[in-house]
Every structure is written in C-alpha cells, then in structure tokens.
Amino acid sequence: MLKGITDIDEGTIRRVDWQELIPASLLVRAFSLACSWPRILLATFVATLLHACYLRLVDVKSATVSVASLLQTSDQATCPVAFRLPTDGYGIVYLAVAALVVAIMGLAWSRSAAVAIASSSRVSLFGSLRYALAHLRALLGAICLPTVLILLLDLLMIFVRGDGGFGSGWLLTLLAPVVALVALVNTVLKLGLLLGFPLLVAAVAVDKCDAFDAVARMFSYVFQRPLHFVFYVLLAALFGAVGLAAATCVSEIAHASLTSGFVGKQSPATFSAAPWLQFWLNFLLILPLGFAFTYLVTAATAIYFMLRRSLDGTPIDVCYQNDAHRPKRSLAPVLQDEQGAPVLAEPAVQNPPVTHAESGGQGSPHAK
C-alpha cells in the first residue's frame with residue numbers, strides 16, 4: 001500500500017500514485033491520450049487517402065460510391081468502405097504499401113503514448129514518426145517471425161495429411177503423435193499472435209525491443225498472465241465502445257450537416273463529378289475508424305505497461321528514452337605524474353548542446 005503513496009509527512013498523505021495502487025487506472029489515461037484530435041484526424045485522413053487509392057484499383061460501380069448515392073436516403077446509401085480485395089499486381093503493391101503505412105503510424109502513435117504514460121511528457125508528431133521509421137525493421141521482423149513459422153507448420157501438416165494417407169495403419173501410428181504435437185504448437189502460435197499482436201508494436205515502442213525479444217514478450221505476457229490480459233482487454237473494450245459511439249455520433253452529425261446543404265440546391269449528378277466533395281464525405285464517414293485505430297494502439301501500449309509490471313516487476317515509469325541529443329559523458333583520462341604514479345586528469349567541462357534555433361543559425365555562441 002505504501003509503495004503507491006509518497007510524500008508522507010507526519011501522517012499527512014500528500015500524493016497518491018494511482019497507477020501503482022490500481023494499475024488498471026492506466027486505461028483511463030490511455031483513453032484521454034487517444035482522444036487527441038490531431039492524431040485522430042491525421043489517421044482518418046490517411047485512411048481516406050488509402051480508400052481513395054483503393055477505389056482506383058477495383059470496380060467502382062460494385063465497390064462504392066458516388067456522392068449521388070451518399071445523398072440518397074439511408075436505406076439506399078452505400079457504405080464508402082469496400083471490402084473486395086484486388087488480386088492483380090497493382091492490388092498486391094497497394095496492400096503492401098497500405099500495410100507499411102499502418103505499421104508506421106501504429107508504431108508512431110504507440111511511441112507517443114508510451115512517453116506520455118511513462119513520463120507525462122509529450123513527443124512531437126515528427127519525433128514519433130522519426131522513431132517509427134528508425135525502428136520499423138524491428139516491428140516488421142517481429143510480425144514476420146511468428147507468421148512465417150505458422151505458415152511453415154501449416155504446410156507441414158498439409159503435406160503429411162495429403163501424402164501419408166492417414167488411413168494406413170503403420171503411418172498413422174508413426175506420425176499421429178507428431179502431427180498432434182505440431183497442431184497443438186500451431187494453435188498456440190495462432191492464438192498468441194491473434195490476441196497479442198498489438199503488444200508487438202508496444203514492445204518496440206516502449207522498450208526498443210528487437211524482433212525476437214518482442215515476440216518473446218508477446219507470448220509470455222499473453223500466456224503467463226492470461227487473467228490479467230483478459231481483464232485489461234475487456235476493460236479497454238468498454239472504454240473503446242464509449243469512445244467509438246461518441247466518434248460515430250460526431251461523424252453522423254457532421255456528415256448530415258454537410259450533405260443537408262446540398263440537397264435540393266443542385267442535382268446529385270453535379271456532386272458526383274466533384275472528387276474533392278466525395279473525398280471529404282468519405283472522410284467524415286471514416287472518422288470513427290480513425291478513432292478506433294488511435295485508441296487500439298494507445299490501449300495496447302497501456303496494457304503492455306501493466307502486463308510488464310505484473311510479470312517482470314518493471315515500474316510503469318520505465319521507458320526507453322532516446323539520448324542522442326544528450327551531451328556525451330566520458331571518464332577522465334588516467335595520466336602519470338613525475339614519479340610515474342597514475343593520476344586522474346580533470347575532466348573537461350562540456351557545454352550543453354546548442355540547437356540551430358537557439359544559436360540563430362550561426363553555430364554555438366562559445367565558438368569565439
């Protein structure tokens with residue numbers, strides 16, 4: 001109890017660390033961080049751009065959506081989000097680019113949430129994006145490792161079942177235990193990846209983990225603390241449902257306000273010829289998706305902090321800090337006096353680094 005209460009003087013409690021006393025309260029902090037309109041709007045804008053590019057790759061008549069359909073009644077309108085995947089070469093390139101963009105944004109959003117949760121400080125949008133680009137390879141490796149292993153196990157099981165003809169007695173007796181073990185391992189891998197893949201992003205964002213360390217942390221946190229994990233996920237889903245309902249209401253009201261100004265003034269065919277109008281109508285309808293993405297990444301980061309504290313005992317305020325801009329510290333060199341005895345030289349006083357903005361573009365003021 002006293003670990004979460006600090007500054008106790010003469011029986012007076014001056015501050016209570018609720019994150020230590022009630023770790024689940026960290027989800028409240030995550031919800032407030034997810035309600036950041038700049039990040040929600042940016043995520044929505046990127047999703048709308050991806051959707052607009054998607055419409056160029058599929059049959060527009062069957063996949064979506066003209067402004068004319070959006071101006072119809074609610075029972076005739078078509079949702080602007082299409083679900084038919086393109087299968088040609090351009091479609092594969094699009095899916096790869098879209099996955100890469102989502103990975104970069106997820107890592108950037110998770111990094112921003114991690115610093116805010118651990119130190120109550122803010123990271124600029126460009127700073128979080130730089131971190132995401134610098135550590136994107138670790139995240140992609142963490143995603144590919146279990147995925148490739150699952151695919152190999154699936155191929156192995158398909159080969160054994162198709163080649164062996166499990167109807168033969170001796171082959172069934174020989175390979176059945178091995179196939180059962182492979183199926184069990186494959187199921188565990190699929191379940192862990194399905195439930196804990198957002199923790200991969202949080203591991204890279206919080207602790208700067210490499211691919212192997214991130215995968216190990218994901219499986220250990222999911223399977224060694226299953227009750228904690230399920231409880232945190234259900235609580236986060238409750239907060240997320242409230243936020244998603246609010247974002248949906250805002251989206252519907254804004255969409256109705258925009259479309260109501262056009263109905264009756266001009267024909268719907270006129271608006272179908274205005275791509276910019278269709279883009280912003282889709283933007284309003286995709287707004288809940290932007291909130292859902294932002295909240296998912298932020299809540300997963302908070303859950304990672306709580307599971308790490310429960311399993312590893314690491315305090316919540318421990319997070320990797322980039323010290324590239326901090327002054328370098330070195331030990332004082334060892335010299336010899338006149339008699340040959342070792343002595344320590346006085347360390348040189350290093351001035352703090354001066355940025356370009358502080359120096360007015362003329363370099364350090366100590367250069368003279």
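Residues take their numbers from the sequence shown, with the count starting at 1. Nothing here was measured: the structure is a model prediction, and the numbers come from that model.
For the pair L307 and L199, the minimum side-chain heavy-atom distance is below 4.5 Å. Residues I253 and S257 meet the side-chain proximity criterion, which asks for heavy atoms closer than 4.5 Å.
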Could you go through the side chain to side chain contact (heavy atoms under 4.5 Å, CB included) check for V46 and F293 one step at a time?
-> CA-CA 11 Å; V46 172; F293 175 80; over 6 Å; no
Steps toward side chain to side chain contact (heavy atoms under 4.5 Å, CB included) verdict (L200, L193) | CA-CA 9 Å; L200 293 175; L193 184 60; 4.3 Å; yes
When you look at L41 and F45, which way does the side chain to side chain contact (heavy atoms under 4.5 Å, CB included) test go after all the steps?
-> CA-CA 6 Å; L41 294 179; F45 182 78; over 6 Å; no
From CA spacing to verdict: side chain to side chain contact (heavy atoms under 4.5 Å, CB included), M105, V297 | CA-CA 9 Å; M105 289 188 58; V297 175; over 6 Å; no
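Contact record, C319 with V206: SG-O, 3.6 Å, taken as the closest heavy-atom pair. A142 and A214 make their closest contact through CB-CB, 4.0 Å (heavy atoms, listed as atom of the first residue, atom of the second, distance). Contact record, A52 with F279: CB-CD1, 4.5 Å, taken as the closest heavy-atom pair. Considering all non-hydrogen atoms of both residues, A113 and T298 come closest at CB-CG2, 3.8 Å. Contact between Y232 and L27 at its shortest, heavy atoms only, is O-CD1, 3.7 Å. Considering all non-hydrogen atoms of both residues, L140 and A103 come closest at CD2-CB, 4.5 Å.
Few gaps surround CZ on F223; more than 12 heavy atoms of other groups in view lie less than 6.0 Å from it.
Formation of a donor-acceptor pair under 3.5 Å by the S110 side chain with backbone atoms of G106 is not found in this model. A donor-acceptor contact shorter than 3.5 Å is absent between the side chain of R217 and the backbone of R308. Panel note: side chain S36, backbone L33; no donor-acceptor pair is recorded below 3.5 Å. The backbone N or O of S251 sits nowhere less than 3.5 Å from a side-chain atom of H255 that would complete a donor-acceptor pair. With hydrogens and angles disregarded, a donor-acceptor distance shorter than 3.5 Å links the side chain of R225 to the backbone of S310. A distance-only check finds no donor-acceptor pair linking the side chain of S112 to the backbone of W109 [under 3.5 Å]. Under a 3.5 Å cut-off, the side chain of T48 and the backbone N or O of T44 do form a donor-acceptor pair.
Of the inter-residue distances, the one linking L195 atom CG with F229 atom CZ reads 5.0 Å to the nearest 0.5 angstrom. With values rounded to the nearest 0.5 angstrom, I40 atom CD1 is found 6.0 Å from C35 atom SG. Considering CE of M306 and NE2 of H228, their distance stands at 10.0 Å, rounded to 0.5 Å. Separation of atoms CD1 (I303) and CZ (F231) is listed at 10.5 Å; rounding is to 0.5 Å. Going from atom CD1 of I316 over to atom CD1 of I117 covers 8.5 Å, rounded to the nearest 0.5 Å. The CG atom of L234 lies 9.0 Å from the CG atom of L238; values are rounded to the nearest 0.5 Å.
Put simply, F219 and L151 are part of two different groups of oily side chains (I, L, V, M, F, W, Y) that touch within less than 4.5 Å, one to the next. A single hydrophobic cluster is not seen to contain both L156 and L152; linkage of ILVMFWY side chains at heavy-atom distances under 4.5 Å, directly or through other members, places them apart. F305 and V28 fall within the same hydrophobic cluster, defined by Ile, Leu, Val, Met, Phe, Trp and Tyr side-chain heavy atoms under 4.5 Å apart, directly or through other members. Hydrophobic clustering (side-chain heavy atoms under 4.5 Å, transitive across Ile, Leu, Val, Met, Phe, Trp, Tyr) keeps V115 apart from L136. There is a path of hydrophobic side-chain contacts, each under 4.5 Å, that joins V222 to L189.
Aromatic ring pairs are classed by plane angle as parallel below 30°, tilted from 30° to 60° and perpendicular above 60°; the pair Y295 and F291 is parallel.
Of the residues V215, D312, L311, the one that meets the side-chain contact (heavy atoms from CB on, under 4.5 Å) test with S220 is L311.
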